[in-house]
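These notes concern the structure reproduced below.
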2 protein chains.
Amino acid sequence: MTDLFPKKGHDHDRCIDSAIAQAEKVCEAENARFTDMRRKVFSLIWQSHKAVTAYELLDALQAEGQRVQPPTVYRALEFLTDLGLVHRIESLNAYFGCDQPDCDHLGQYFICTRCGRVAETVDEDVSIAVRKAAKNVGFKIQATTVEIKGLCHDCTTH
Amino acid sequence: MTDLFPKKGHDHDRCIDSAIAQAEKVCEAENARFTDMRRKVFSLIWQSHKAVTAYELLDALQAEGQRVQPPTVYRALEFLTDLGLVHRIESLNAYFGCDQPDCDHLGQYFICTRCGRVAETVDEDVSIAVRKAAKNVGFKIQATTVEIKGLCHDCTTH
DNA sequence: CAAGAAATGATATATTATAACATATCACCC
DNA sequence: GGGTGATATGTTATAATATATCATTTCTTG
């Protein structure tokens, strides 16, 4: 068993730094501009391992004295999700930083209902089963949403 | 290949009647009241094989001259989803009539992005793969959301 | 039929998201 | 290096989805 969720007391600054470094690389590869606003939003999303709502991001930006409006946040989110740097968690209407942006959007999301954290995995068996189920019914997949709610390992044992 | 989506020109009245008959049975078994409002909402949901938003239901009820407000619709939806008679499609913020209400909520939803129809399946391989993925990471499942967007068989061939 | 429980009505408001147009900033060419 | 078109952000308004709260009605059951 390998817990996907980060350990208590891990060095979260490293998560943030590494995510930003990755994002920079992706943007460069895609010839997309990682502007101040996008970087700011991305870094706010990475402040925790939870999913964050657009309005939480807005509040955080405004708390810093910026006069930001909803469209600004939603635009940054659209940019980031289009590049796969952030994923939208449909069942939470919230956004989550992806730590494997080259994963082709086939991931699955574990959402802990106790601590609120989210973890992503790209499980081949799940993808295969989903693809097979689609094939069985003659369905051509464009996108999949697999969100699993429950208790993370920490929260079942503490 | 067995298409889950109903054939063109199928007798949809039978879908509706059968769904209502099933719903009556479930409510009786659960000792829950299938009131006029709940029946009305349920039957509106079953007017098509698409997912319907709460406000589309509200509009339909109001179009019939009823002076219905949002909470009324949401209450009916809550009742129906709690009993498993209706499922919420998270990625659409919309509601869909379940034709196998004893399925334990482990279903997968195929959503056709062209015709808008939704079909439900309960694929054991997918469930098993998801449960295994959860076990691998020490995660205790409470609920799963598996929504697959793409083209139904009709829409790929026509 | 009375009394409590369950359902619905009614009002207000919270939360999530986008449309439309104005302004600012950037990248590139000359 | 300055003009120009493209890209990004600012600004205002509003749409779409959902819930809290309290009042009233309807149902059930003794």
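Below, chains carry the letters A, B, ... as their sequence lines are ordered, and counting in each starts from 1. As the structure is a computational prediction, the values presented were derived from the model and not from experiment.
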### Residue of the set B:Ile20, B:Asp99, B:Leu85 for which side chain to side chain contact (heavy atoms under 4.5 Å, CB included) holds with B:Trp46
B:Asp99
### Closest-nucleotide 5' rank along DNA chain D - winner of B:Ala94 and B:Asn31
B:Ala94
### Message
I want to check something: taking the side chain as every heavy atom from C-beta on, are A:Cys115 and A:Cys152 in contact at a cut-off of under 4.5 Å?
### Response
yes
### Heavy-atom contact window of chain A on DNA chain C, given 5' to 3' at under 4.0 Å
C:dT16 to C:dC26
## Note on the structure
Ordered by number, residues from residues 65-79 of chain A within less than 4.0 Å of DNA chain D (heavy atoms) are A:Arg67, A:Gln69, A:Pro71, A:Thr72, A:Arg75
#### Entry: side-chain contact (heavy atoms from CB on, under 4.5 Å) between B:Arg88 and B:Asn93, worked out
CA-CA 7 Å; B:Arg88 180 180 156 81; B:Asn93 295 334; 2.8 Å; yes
### Message
Determine whether a donor-acceptor pair (N or O, by modelled atom type, separation under 3.5 Å) exists between the side chain of A:Glu120 and the backbone of A:Gln108.
### Response
no
### Message
As an exercise, state the distance from CD1 of A:Ile16 to CD1 of A:Ile45, rounded to the nearest 0.5 Å.
### Response
12.0 Å
### Query
A:Tyr95 and A:His87: side-chain donor and acceptor closer than 3.5 Å?
no
### Message
Is any side-chain heavy atom of A:Val68 closer than 4.5 Å to one of A:Leu57?
### Response
no
Which pairs would a plain distance check flag for residues 70-78 of chain A, meaning a side-chain donor or acceptor within less than 3.5 Å of a matching protein atom at least two apart in sequence or in another chain?
none

### Message
Using a 4.0 Å cut-off on heavy atoms, which residues in residues 33-46 of chain A reach DNA chain D? List them by number, or say none.
### Response
A:Arg33, A:Thr35, A:Met37, A:Arg38
### Message
Hydrogens and angles aside, do B:His153 and B:His158 bring a side-chain donor and acceptor to less than 3.5 Å of each other?
### Response
no
### Query
Can you give the first and last nucleotides of DNA chain D, 5' to 3', that have an atom under 4.0 Å from a heavy atom of chain A?
D:dT7 to D:dT12
#### Entry: Same cluster (ILVMFWY, side-chain, under 4.5 Å), B:Val52 and B:Val86
yes
### Message
Using five base pairs at each end to define the local axes, how bent is the helix from C:dC1-D:dG30 to C:dC30-D:dG1, to the nearest 10°?
### Response
30°
Sequence neighbours left out, cut at 3.5 Å: what donor-acceptor pairs do the side chains of residues 27-37 of chain A make with other protein atoms?
unit_1, atom_1, unit_2, atom_2, d
A:Thr35, OG1, A:Arg38, N, 3.3

### Message
For the backbone of A:Leu61 and the side chain of A:Glu64, can you confirm whether one donor and one acceptor N or O come within less than 3.5 Å of each other?
### Response
no
### Query
Does A:Glu147 have any salt bridge (charged side-chain N to carboxylate O under 4.0 Å, His left out) partners at least two apart in sequence or in another chain, and if so, which?
none
### Query
With ILVMFWY side chains joined below 4.5 Å, transitively, what does B:Leu151's cluster contain besides itself?
none
### Close approaches to DNA chain D from residues 50-59 of chain A, in residue order (heavy atom, under 4.0 Å)
none
### Message
By the ring-ring contact (aromatic ring centres under 6.0 Å, His included) test, which pairs, at least two apart or in different chains, include something from residues 125-144 of chain B?
### Response
A:Phe110-B:Phe139
### Query
How does the hydrophobic cluster around A:Met1 look, that is, which other residues are in it when side-chain heavy atoms under 4.5 Å mark a link?
none
### Message
Taking A:Arg117 first and then A:Asp154, would you say they form a salt bridge - that is, a charged N and a carboxylate O separated by under 4.0 Å?
### Response
yes
